Enquirer: 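Mind having a look at this structure? Questions to follow.
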Amino acid sequence: VTAVALRVGGVSARVRPRVIGTALVLGVAAFLLFCLGMTIGDYDLSVGKVVAALLSQGDYYDRVVVYDWRMPRALCGLFVGLAFGMSGAIFQTITRNPLASPDVIGVSAGATTAVVGGIVLGIGAGLGTQTLGLAGALGSALLIYVLAWQRGTTGYRIVLVGIGVSWACTSATSYLLAHAKLYEAQQIVGWMVGNLNDSTWSQATPLLIAMAVLIPVTIAMSGWLRALHLGDDVAIGLGTPVQVARLTLLVVGVGLVAFGTAAAGPVAFVALAAPQIAKRLAGTPVPPLVTSGICGAAVLLGSDLLPRVLLPDAQIPVGVVTGVLGAPFLLWLLARANRAGSGG
Amino acid sequence: MIQTHAAPVGAPSRGPIRRRRTYLLAGVVVLLVLCVLSLAIGTRNIPPGEVLATLFGHGSEDAIIWGTRFPRTLMGIVVGVALGLAGAVMQALTRNPLGDPGLLGISAGAAFGIVVAVATTGIASLYGYIWFAFAGAAVASVVVYLLGSAGRGGATPVKLALAGVAITALLTSLTNGISLVDPQALNRYRFWASGSLAGQDNGVLLRVLPFIVVGTVLALASANAFNSMALGDDVAKALGRRVALTRIQGAVAITLLTGAAVAVVGPIVFVGLVVPHVARAITGPDHRWLLPYSMVLSPILVLAADIIGRVVGRPGEVDVGIVVAFIGAPFFIALVRRRRLAEL
């Protein structure tokens with residue numbers, strides 16, 4: 001059974017048990033990782049104590065440790081993962097291409113160039129990095145949209161223009177990287193891989209505010225998203241205002257990536273892999289929006305937790321681990337789908 | 001597009017074919033002019049007449065022309081041909097407009113090979129690490145191919161692409177991890193990563209040339225099969241194509257071409273991504289024209305970028321990988337805007 005119709009009075013809805021089950025399982029996993037992440041540090045806490053502190057119970061000192069020190073990092077991991085996963089699902093659905101993600105079509109590359117430029121010019125410290133990352137992502141997204149506009153846009157043209165912008169930005173970044181001093185280069189690479197090590201409330205607060213707006217809007221637009229996936233002609237036939245829908249979804253998708261990147265750097269692979277993983281787990285033809293987001297959060301939180309458990313002193317950035325953790329999982333899903341005969 | 005049997009006869013098809021021939025010839029002429037310019041322009045300019053005189057054995061600039069600029073120009077042509085052809089084959093193989101020659105994990109494998117070589121053995125010379133890069137590229141692409149074709153469905157385009165992206169993410173994570181820990185590896189890696197034709201001599205070229213020749217032959221021999229496969233695997237099979245064999249042939253060609261090129265000059269894969277789109281805009285989707293066009297247009301882009309890099313960066317120079325994206329991207333975007341590109 002892939003879908004069950006529910007009808008209560010005059011309202012009816014389709015319920016897909018496997019999608020909901022996947023979302024629930026991933027959600028529980030993400031919550032556990034969220035709590036586990038807050039138990040680790042110089043001051044040991046048990047999971048029970050963390051949960052108690054979250055419910056405003058327990059020791060005063062425990063609550064201070066949880067709220068003031070460890071929560072910003074855990075929240076950044078949670079919401080950056082959600083943002084990247086959902087925005088990856090948006091981009092892959094609009095362009096109908098599993099390789100399309102904000103990393104590929106230039107949004108993350110724009111943010112990177114802005115921040116790297118900032119570091120080389122010496123204005124990259126503290127809040128500057130965050131603002132620059134945001135400005136770079138939004139700026140490159142605007143550029144891509146304007147350049148792809150020709151009495152309307154198509155998903156295909158946005159992808160191709162995005163490739164062009166992405167490569168111009170990447171080459172600017174590698175020019176700056178090759179001409180930077182070695183210690184600046186190390187700082188740049190440290191930011192470019194994506195990092196939650198220095199997360200504080202000053203990163204978490206803007207992220208939380210942005211997500212409180214963007215996530216509900218994204219979920220509200222999932223109907224348009226499904227229509228666009230059927231192709232422009234069918235979507236118009238279904239009564240979807242195609243240009244408006246695409247622009248709004250792009251704005252929301254870019255907003256999600258921009259704030260995520262500003263908080264944690266351009267963490268690679270999450271936006272691309274999370275929707276594909278979620279799609280295969282849930283058995284849907286299109287990446288499921290919310291499940292993709294939860295999957296992204298689980299991957300990011302897991303990638304942040306793993307090196308802290310295995311190599312507590314190494315301070316390995318999260319972006320190094322997402323590939324190591326996410327890639328084998330995606331590959332396993334690809335191989336498993338083959339055996340079931342359902343193909344990639 | 002099965003024109004082996006259904007060769008178009010009559011007036012309507014004559015024009016396009018003649019036009020294709022003329023444009024291809026014009027491309028070759030442009031390439032020759034660029035060769036002369038590439039020999040003439042540099043820190044010390046040599047008049048074109050003097051260049052030609054030296055080439056035919058009675059000039060006075062032997063040291064500069066034969067010693068440094070000739071190997072460099074030749075390298076530009078060879079690398080250009082390899083990347084353009086590999087890109088066209090990759091897009092045929094994955095049927096994805098985002099397919100670049102590095103998509104089978106080749107660039108990431110080469111980068112990983114270099115970083116491992118520098119970090120473990122301390123090798124810092126080009127002759128030393130070129131084989132590590134090539135080995136990394138070859139191993140990565142074999143792994144991607146095996147994973148992408150595991151299971152009952154065989155290697156479908158989407159599975160290959162996703163497996164490639166996953167392995168790329170995995171290797172990039174590891175490369176970043178090593179270069180964060182080992183500054184020496186980062187230092188070597190960042191210069192290789194910006195891509196340069198400078199400092200090459202004929203020895204390097206001769207070492208990789210056999211691989212590129214074999215790759216070129218394999219790619220060109222598959223042109224007809226790619227035309228059938230563009231119609232989908234089922235149709236190609238019905239037309240008598242051995243789809244699995246063609247895929248392996250294509251993948252081997254890509255690995256040889258890209259692995260050799262990337263090992264020598266760094267990951268300037270943008271060339272291979274963009275040039276086939278430009279070629280497709282001129283010739284349409286017939287691979288018997290698309291592949292030769294890519295082979296001519298791509299060295300034009302590489303040589304032009306190399307010359308521009310020498311002119312704007314005086315007295316130093318800007319690496320070709322950076323210039324390629326900088327002049328290639330606006331041109332590509334303009335093309336995407338002007339024409340309705342043939343979708344894959």
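Below, chains carry the letters A, B, ... as their sequence lines are ordered, and counting in each starts from 1. Computed from a prediction, not measured in an experiment: that's the story for all the values here.
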Enquirer: Report the distance from atom CG of B:Leu170 to atom CG of B:Leu174, rounding to the nearest 0.5 Å.
Expert: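 So the gap between those two atoms works out to 5.0 Å.
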Enquirer: Based on non-hydrogen pairs under 4.5 Å, which of B:Leu273, B:Thr94, B:Asp319 is most in contact with chain A?
Expert: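 Option with the top pair count is B:Leu273.
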Enquirer: In terms of heavy-atom pairs under 4.5 Å, which option from A:Ala273, A:Ala180, A:Pro317 contacts chain B the most?
Expert: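 If we count pairs closer than 4.5 Å to chain B, A:Ala180 comes out on top.
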Enquirer: Strictly below 4.0 Å, N to O, side chains only: are B:Arg310 and B:Asp306 in salt-bridge contact?
Expert: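 Between B:Asp306 and B:Arg310 there is a salt bridge, with a charged N closer than 4.0 Å to a carboxylate O.
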Enquirer: Can you tell which part of A:Tyr175 gets under 4.5 Å to a heavy atom of chain B, answering side chain, backbone, both or neither?
Expert: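 Answer is both: backbone and side chain atoms of A:Tyr175 are under 4.5 Å from chain B.
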Enquirer: For chain A, which of B:Ala163, B:Gly164, B:Ala166, B:Pro330 has the most heavy-atom pairs under 4.5 Å?
Expert: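 Going by pairs under 4.5 Å, I would pick B:Ala166.
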Enquirer: State whether the side chain of B:Gln91 and the backbone N or O of B:Ala88 hold a donor-acceptor pair below 3.5 Å, judged by distance alone.
Expert: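 Not at all, since once roles are kept as given, no pair shorter than 3.5 Å links the two residues.
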Enquirer: Verify, without hydrogens or angle tests, whether A:Thr113 (side chain) and A:Cys169 (backbone) share a donor-acceptor contact under 3.5 angstrom.
Expert: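 Between the backbone of A:Cys169 and the side chain of A:Thr113 there is a qualifying donor-acceptor contact (under 3.5 Å).
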Enquirer: Only pairs of heavy atoms separated by less than 4.5 Å count here; which of A:Val324, A:Val321, A:Leu330 has the most with chain B?
Expert: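 Among the listed options, the one with the most contacts to chain B is A:Val324.
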Enquirer: Which region of B:Val274, side chain (C-beta onward) or backbone (N, CA, C, O), has a non-hydrogen atom less than 4.5 Å from a non-hydrogen atom of chain A, or is it both or neither?
Expert: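 No part of it gets close to chain A.
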Enquirer: Look only at the side chain of A:Arg157 and the backbone of A:Ala148, and say whether a donor-acceptor pair between them is shorter than 3.5 Å.
Expert: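 Yes: the side chain of A:Arg157 pairs with the backbone of A:Ala148.
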Enquirer: Who wins among A:Leu177, A:Val165, A:Thr170 for the most heavy-atom pairs under 4.5 Å with chain B?
Expert: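 Winner by heavy-atom pair count: A:Leu177.
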Enquirer: By a 4.5 Å heavy-atom criterion (distance strictly below it), what part of A:Ile316 contacts chain B: side chain, backbone, both, or neither?
Expert: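 For A:Ile316, there is no contact with chain B at all, as no heavy atom is under 4.5 Å.
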Enquirer: Check whether A:Ala268 gets within reach of chain B through its side chain, its backbone, both or neither, counting any heavy atom under 4.5 Å.
Expert: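 For A:Ala268, neither part sits under 4.5 Å from chain B.
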Enquirer: As a quick check of understanding, evaluate side-chain contact (heavy atoms from CB on, under 4.5 Å) for A:Arg246 and A:Leu228, giving each step before the final call.
Expert: CA-CA 8 Å; A:Arg246 184 153 40 225; A:Leu228 281 181; 4.2 Å; yes
Enquirer: For residues A:Thr173 and A:Thr112, is any side-chain donor paired with an opposing acceptor at under 3.5 Å?
Expert: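 No - no donor-acceptor pair under 3.5 Å links their side chains.
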Enquirer: Select one option (side chain, backbone, both, neither) describing which atoms of B:Ile327 are under 4.5 Å from chain A's heavy atoms.
Expert: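 Looking at B:Ile327, nothing touches chain A.
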